[in-house]
Peer 1: 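One structure coming up, written as structure tokens, with questions to follow.
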Amino acid sequence: MHWSERRWVRLLCGSRGQPLGIALLALLLAIELAPDLFGLGFFRLAAFDAYQRWAPRIRHSGPAVIVAIDEESLRLHGQWPWPRTWLAQLVARIAEADPAAIGVDIVMPEADRLSPARLPEFVSGMGQDLVQRLSSLPSNDTVLARTLQASRVVLGIAGLEAEVAGTRRNLRRVPFRTVGGDPRPLVRRFDATLHSAEEIDRAVKGHGLLSVDTERGVVRRMPLVATVGDALVPAFGLEILRVAAGGAMVTVRTGASGVEAVEIGGLAVPTEPDGSVRIHFARSDPERFVSAADVLAGKVDRQLLERKLVLIGVTALGLSDYQATPVADRMPGVEIHAQLLENIYDADLLSRPRAVVWAEAGLLLTGGLLLILIMPRSSALASVSLYALMVGAIVSAGALLYLKSGILLDAASPSLALGTLFTSMLVVTLAETERHRQSLRRQVEEQREQAARLAGELEAARRIQMGSLPDPMTAFPGDTRLDLYAFLEPAREVGGDLYDFFPLDRDRLCLLIGDVSGKGLPGSLFMAVSKALYKSAALRGVGSVDAVMREADGEISRDNTEGLFVTMLAGVLDVRSGLLEYCNAGHEPLYLLPNGDRPLARLSDGGGPPLCVLDRFPYAASARRLTRGDTICLVTDGVLEAMSPKAEAYGRVRFEALLEKVGRAASAAEIGEAIRLEVSRFADGVEQSDDMAILVLRWKGPSGR
């Protein structure tokens, strides 16, 4: 038993596989609504990253400038950490340009070991007077604290998961106002923070949280507010904005779904329910950066820093806290904070409303039901087209929402889920098809046997039909008065075209060509009957060629129950005198290619409608006397109606031009073969649609030459 016919396969494929499809769709919907429970959340994150790699944010404004302690700064001023007097000088230089606020993305928890009072620890042999003089000088931390106190400066603090020595839980509180409920249970929580040294820390106007959480090693979101102990703490960028605004109060709005927005003065920043924001990343841009070495050297234009949010950070390789982002494998942490400020300033944050989650589930449900309902009833091509159309629509919707509104719709998960369902339904459909195929295989084998028998019978019929036609090479042995050529090619195995030629007596030759209205086997049978009845009437001595035509019309019509008809052109040539009598029953006229300079003639007189069309039609004959070397050419419409690859018919114009080209002196075989080869070349492989017959006779005169 074939595997597709086993009982468990039949049960699985029952009802065209739709029960299995519905069960699988329910499982896929559960995964879609909670992918992290199934360990598949990385697909969603990869889809969101793909949007930003494909179309990163375009910088519309530059509110933040980064003063970078880069490789050039270290080359000119020595290794890091610098004496804090140099950092104070850097802040002072920046402050001279009147920035809106300065953010220092550097945590300095220990006292500066390069302060004057500590130099004797590192330089031995100092005299007591020098030691006392150094001890009387202010420490580097004091110098930095005085510089920081004179400007609007925010120091970064690092959030820690556990409280250890040197960290603290008590913070200088930022003025927060909550609307709608307490946000502290909802936002990111840290047990402690790492601050700069106390003397430096208390001199600044604000503290902002530098810490960001990665998702599978990539920074995508940043908490705008967090808690340390029972205190709310603003993010580094948010605190810079607050200090730049003159120390405004921060408002946190919460709703039924969680934190909804954080406000500073008139600026409202929508957030995720946990108080975080999704950063819309732009590519790393050198225009964001100014080298600290250039600032210290006074080479930076004041306007570049004036009224800007200036961030100071270390970007030198090996010292910076580089992070992976959707648009770059390595991005300095200070640049991430600058990108957050750009996002807030341009209102260009990404978002993922709850409604989008339900929309994704709705897309999966709708697409899945369509696949379940349509696939079992459709062809493979239609099913693939439907699946591709649905995936294309989902991907397009996700791309448009991202580009136009900054909304993140997960196109990957529904597409992959639909792909899983499509594959499963396809397998089930193929199994069902295979079962039917096996059940039909035996019938097909029987049909093949029958077809083989029929093909053999048709081949036999072809041999019989072609064998019934006379061969011009052997028909008149030793007779030099005539030159004959005949050719017939059915469009199928057998056909309805006919030709014949036979002597009526010692000096008269009867020739005919015809075309039955049908093709294939019916046409071939009617062709054989028509040919036999006409030849019988001619050989019985009925009389002239038109009388024979009338007699044949009556006999062929008598038992024509299928209502077929036949066009026929018959002629009787007196080979002594060259007199040709002919009668045309609805057939293509014969062509006379005369010897000498006379023009090609198309003999269209004499005759009437096809046989079996009008009862007892009075067919009339015509006559033409041939001269020595004249040639007559008879063809069926399969020649004139042959089609080219461009769907053009061969036509009479081309046919007549060919006869003129072949020439008057050509033999019957040369003319006939030229017609056959020219029509074949014209068709250029196009399948023959009609039977084709050619009959050419050249009269050489009464004695032959």
Side-chain angles (χ1 to χ4, degrees), residues 458-472 475 484-502 510-538 549 552-553 556-557 560 562-571 582-591 607 609-613 632-643 649-652 655 658 668-669 671-680 682-683 686-697:
L458 288 174
E459 180 61 27
R462 179 185 178 90
R463 291 196 302 270
I464 292 172
Q465 181 184 31
M466 300 303 290
S468 69
L469 301 173
D471 184 358
L484 267 172
Y485 171 87
F487 172 78
L488 188 147
E489 181 64 31
R492 302 176 186 172
E493 289 82 356
V494 291
D497 280 10
L498 62 96
Y499 72 82
D500 203 354
F501 46 86
F502 49 89
C510 181
L511 64 158
L512 65 145
I513 190 168
D515 185 0
V516 174
S517 58
K519 296 180 181 65
L521 193 57
S524 71
L525 293 174
F526 198 68
M527 167 266 199
V529 171
S530 301
K531 176 176 172 293
L533 290 176
Y534 189 94
K535 185 173 184 178
S536 174
M549 190 70 76
D553 180 42
I556 297 172
S557 300
N560 184 16
E562 295 297 320
L564 299 176
F565 63 87
V566 56
T567 68
M568 190 172 291
L569 194 158
Y582 56 91
C583 184
N584 190 342
H587 196 76
E588 288 291 332
L590 65 84
Y591 281 88
L611 303 182
C612 307
V613 171
I632 59 174
C633 183
L634 302 87
V635 296
T636 58
D637 56 6
V639 173
L640 302 180
E641 296 176 2
M643 302 301 292
Y650 184 67
R652 289 192 180 91
F655 180 70
L658 175 65
I671 296 173
E673 281 297 294
I675 296 171
R676 183 181 68 81
L677 294 174
E678 176 67 12
V679 171
S680 177
F682 179 79
V686 175
E687 184 178 359
Q688 184 178 339
S689 61
D690 199 0
D691 305 331
M692 182 170 65
I694 304 171
L695 182 60
V696 182
L697 182 146

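Counting begins at 1 with the first residue of the sequence.
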Peer 1: Could you tell me the separation between the CG atom of Asp553 and the CG atom of Leu533, rounded to the nearest 0.5 Å?
Peer 2: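 So the CG of Asp553 and the CG of Leu533 are separated by 11.0 Å.
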Peer 1: Apply the side-chain contact (heavy atoms from CB on, under 4.5 Å) test between Leu569 and each candidate in Leu634, Leu511, Leu512; give the one that qualifies.
Peer 2: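 Single pass found, and it is Leu634.
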Peer 1: Considering only heavy atoms from C-beta outward, does the side chain of Tyr499 approach that of Pro470 to under 4.5 Å?
Peer 2: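 Result yes, sub-4.5 Å side-chain heavy-atom pair found.
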Peer 1: Could you list the residues that satisfy side-chain hydrogen bond (donor to acceptor under 3.5 Å, both in side chains) with Ser536, not counting sequence neighbours?
Peer 2: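 Ser536 satisfies side-chain hydrogen bond (donor to acceptor under 3.5 Å, both in side chains) with Arg540 once adjacent residues are dropped.
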Peer 1: Are the side chains of Lys531 and Leu469 in contact, using a 4.5 Å heavy-atom criterion?
Peer 2: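 A side-chain contact under 4.5 Å exists here.
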Peer 1: Could you report the tightest heavy-atom contact between Ile556 and Cys612, atom names first, then the distance?
Peer 2: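 Smallest interatomic distance, heavy atoms only, reads CG2-SG, 3.3 Å.
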Peer 1: Taking the side chain as every heavy atom from C-beta outward, state whether Met527 and Val566 have any pair of such atoms under 4.5 Å apart.
Peer 2: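 They are not in side-chain contact.
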Peer 1: What residues form a side-chain hydrogen bond (donor to acceptor under 3.5 Å, both in side chains) with Thr636, not counting sequence neighbours?
Peer 2: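 So Thr636 forms a side-chain hydrogen bond (donor to acceptor under 3.5 Å, both in side chains) with Asp497.
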Peer 1: List the residues meeting ring-ring contact (aromatic ring centres under 6.0 Å, His included) with Phe655, not counting sequence neighbours, and say none if there are none.
Peer 2: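 With sequence neighbours excluded, Phe655 shows a ring-ring contact (aromatic ring centres under 6.0 Å, His included) to Tyr591, given in chain and number order.
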Peer 1: Suppose we screen for side-chain hydrogen bond (donor to acceptor under 3.5 Å, both in side chains). Which residues come up paired with Tyr582, at least two apart in sequence or across chains?
Peer 2: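 Only Asp605 meet the side-chain hydrogen bond (donor to acceptor under 3.5 Å, both in side chains) criterion with Tyr582.
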Peer 1: When you compare the side chain of Tyr485 with that of Ile671, does any pair of heavy atoms fall below 4.5 Å?
Peer 2: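 No; the side chains remain at least 4.5 Å from each other.
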Peer 1: Could you check whether any side-chain heavy atom of Val696 comes within less than 4.5 Å of a side-chain heavy atom of Phe487, counting everything from C-beta outward?
Peer 2: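 The answer is no; the side chains never approach within 4.5 Å.
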Peer 1: Could you tell me which non-hydrogen atom of Phe565 sits nearest to which non-hydrogen atom of Val613, and how far apart they are?
Peer 2: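 Nearest pair, atom of Phe565 first, then Val613: CB-CG2, 3.9 Å.
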Peer 1: In Å and rounded to the nearest 0.5 Å, what is the CG to CE distance from Asp515 to Met692?
Peer 2: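 Going from CG on Asp515 over to CE on Met692, the span is 12.5 Å.
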Peer 1: Restricting to side chain to side chain contact (heavy atoms under 4.5 Å, CB included), what partner residues turn up for Ala642, sequence neighbours left out?
Peer 2: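 Here the qualifying residues are Tyr650, Val679.
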Peer 1: Looking only at heavy atoms, what is the nearest atom pair of Ala570 and Met549, with distance?
Peer 2: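 For Ala570 versus Met549, the nearest heavy atoms are CB-CE, 3.9 Å.
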Peer 1: Please name all residues satisfying side chain to side chain contact (heavy atoms under 4.5 Å, CB included) with Leu484, sequence neighbours left out, ordered by chain then number.
Peer 2: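 Expected list: Pro472, Phe476, Phe501, Leu695, Leu697.
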Peer 1: Look up atom CD in Glu678 and atom CD in Glu673, then write down how far apart they are to the nearest 0.5 Å.
Peer 2: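 Going from the CD atom of Glu678 to the CD atom of Glu673 covers 13.0 Å.
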Peer 1: To the nearest 0.5 Å, how far apart are SG in Cys633 and CD1 in Ile675?
Peer 2: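 So the gap between those two atoms works out to 3.5 Å.
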Peer 1: Can you name the side-chain hydrogen bond (donor to acceptor under 3.5 Å, both in side chains) partners of Ser517, sequence neighbours left out?
Peer 2: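 Result, side-chain hydrogen bond (donor to acceptor under 3.5 Å, both in side chains) vs Ser517: none returned.
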Peer 1: For Ile694 and Gly672, which heavy atoms make the closest approach, and how far apart are they?
Peer 2: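 For Ile694 and Gly672, the tightest heavy-atom pair comes out as CD1-O, 4.1 Å.
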